[in-house]
Amino acid sequence: AGLFTIPGGCKIPVGMIIPHSRLYIQSDGIKSGSNGTANFIVYLGTTNSASDSAVVNQGISIGNNTNALTTAAARFGTATDRYNSRTWQGEGISNASQNSMSDRIGNVNTNADMFVHVGVAAANAADVFNLTALQVVLES
């Protein structure tokens, strides 16, 4: 379990997230090995760590070469200390459906730099995980 190293990081500088903006995040990962299940998690917050809020938490099955595709939006209102996330199954996934929105408050401060990072949790150490794609779009 841990966070992927994203070359150059994925920092959203202070002042870029304004009231009523939306952060659209899509990521793709793959698990090699069939030793256990895992969680593929996208985080957003000020600490650039797993202590930040989970925008989306995608379960990965036990199978070998299993992809985890996450699609989520973080929606910001006028409060500087929270956002609302909505996740849905992405393209190429059968039975796509939206999940209800969830308030996120862990290490959120739109008056500071915010970071997007991706990690794996509750995984078997014998499996190997790779982050194959990450797209972050800020709509203000």
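Excluded from the calculations below are hydrogen atoms, water molecules and symmetry mates; all remaining heavy atoms, backbone and side chain alike, are included. This structure is a prediction, so every number in the text was calculated from the model and none was measured.
With sequence neighbours left out, the side-chain contact (heavy atoms from CB on, under 4.5 Å) criterion links Asp113 to Lys11, Pro13, Val14, Phe115. Under the side chain to side chain donor-acceptor pair (under 3.5 Å) criterion, Ser27 pairs with Thr70, sequence neighbours left out. Every residue was checked against the side chain to side chain donor-acceptor pair (under 3.5 Å) condition with Ser34, not counting sequence neighbours, and none meets it. With sequence neighbours excluded, no residue forms a ring pair (Phe, Tyr, Trp, His ring centres under 6.0 Å) with Phe40. With sequence neighbours excluded, the residues satisfying salt bridge (charged side-chain N to carboxylate O under 4.0 Å, His left out) with Asp127 are Lys31.
Asp28 and Asn67 share a side-chain donor-acceptor pair at under 3.5 Å.
Without hydrogens or angle criteria, Arg104 side chain to Ser85 main chain gives no donor-acceptor distance under 3.5 Å. In terms of modelled atom types and a separation under 3.5 Å, the side chain of Ser53 and the main chain of Val55 share no donor-acceptor contact. A side-chain donor-acceptor contact under 3.5 Å links Thr46 to the backbone of Asn107.
Judged as a ring-ring contact (aromatic ring centres under 6.0 Å, His included), not a single pair has a partner in residues 52-75 (not counting sequence neighbours). Every pair tested for ring-ring contact (aromatic ring centres under 6.0 Å, His included) that includes a residue from residues 46-75 fails, sequence neighbours excluded, so the list is empty. Applying the ring-ring contact (aromatic ring centres under 6.0 Å, His included) test to pairs two or more places apart or on separate chains, none has a residue in residues 118-140. Applying the ring-ring contact (aromatic ring centres under 6.0 Å, His included) rule to pairs touching residues 42-73 yields Tyr43-His117, sequence neighbours excluded. Applying the salt bridge (Lys or Arg N to Asp or Glu O under 4.0 Å) test to residues at least two apart or on different chains, none of the pairs has a partner in residues 33-54.
A distance of 14.5 Å separates OG1 of Thr80 from CD1 of Ile18, quoted to the nearest 0.5 Å. Taking CG of Asn84 as the start and CG of Asp103 as the end, the distance is 5.0 Å to the nearest 0.5 Å.
Shown here is Ile62, whose CD1 atom has more than 12 heavy atoms of other residues, nucleotides or ligands within 6.0 Å.
Counting all heavy atoms, side chain and backbone alike, Ser32 lies closest to Asn65 at OG-OD1, 3.7 Å. Across all non-hydrogen atoms, the minimal contact from Ala74 to Leu44 is CB-CD2, 3.9 Å. Nearest heavy atoms, Gly29 versus Thr132: N-OG1, 3.9 Å. What you find for Ile60 and Ala68 is that their closest heavy atoms are CG1-CB, 3.8 Å.
Leu131 and Val128 fall into different hydrophobic clusters, defined by Ile, Leu, Val, Met, Phe, Trp and Tyr side-chain heavy atoms under 4.5 Å apart, directly or through other members. Cluster membership for Ile41 and Met114, using ILVMFWY side-chain heavy atoms within less than 4.5 angstrom, is not shared. Taken together through direct or relayed side-chain contacts under 4.5 Å among Ile, Leu, Val, Met, Phe, Trp and Tyr, Val108 and Leu23 form part of one hydrophobic cluster. Leu69 and Val42 end up in different hydrophobic clusters when Ile, Leu, Val, Met, Phe, Trp and Tyr side chains are linked at under 4.5 Å. Ile30 and Ile6 fall into different hydrophobic clusters, where Ile, Leu, Val, Met, Phe, Trp and Tyr are joined by side-chain heavy atoms under 4.5 Å apart, directly or via other members.
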Under 3.5 Å donor-acceptor pairs involving side-chain atoms of residues 118-126, not counting sequence neighbours:
{"from": "Asn124", "atom 1": "OD1", "to": "Ala126", "atom 2": "N", "distance (Å)": "2.8"}
{"from": "Asn124", "atom 1": "ND2", "to": "Asn35", "atom 2": "O", "distance (Å)": "3.3"}

Sequence neighbours left out, cut at 3.5 Å: what donor-acceptor pairs do the side chains of residues 133-140 make with other protein atoms?
{"from": "Glu139", "atom 1": "OE1", "to": "Arg22", "atom 2": "NE", "distance (Å)": "2.8"}
{"from": "Glu139", "atom 1": "OE1", "to": "Arg22", "atom 2": "NH2", "distance (Å)": "3.0"}
{"from": "Glu139", "atom 1": "OE2", "to": "Arg22", "atom 2": "NH2", "distance (Å)": "3.2"}

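The shortest distance between side-chain heavy atoms of Val116 and Ile25 falls below 4.5 Å.
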Exercise for the section: Show the numbers, then the answer: is there a side chain to side chain contact (heavy atoms under 4.5 Å, CB included) between Tyr83 and Ile105? Expected result: CA-CA 7 Å; Tyr83 68 90; Ile105 58 173; over 6 Å; no
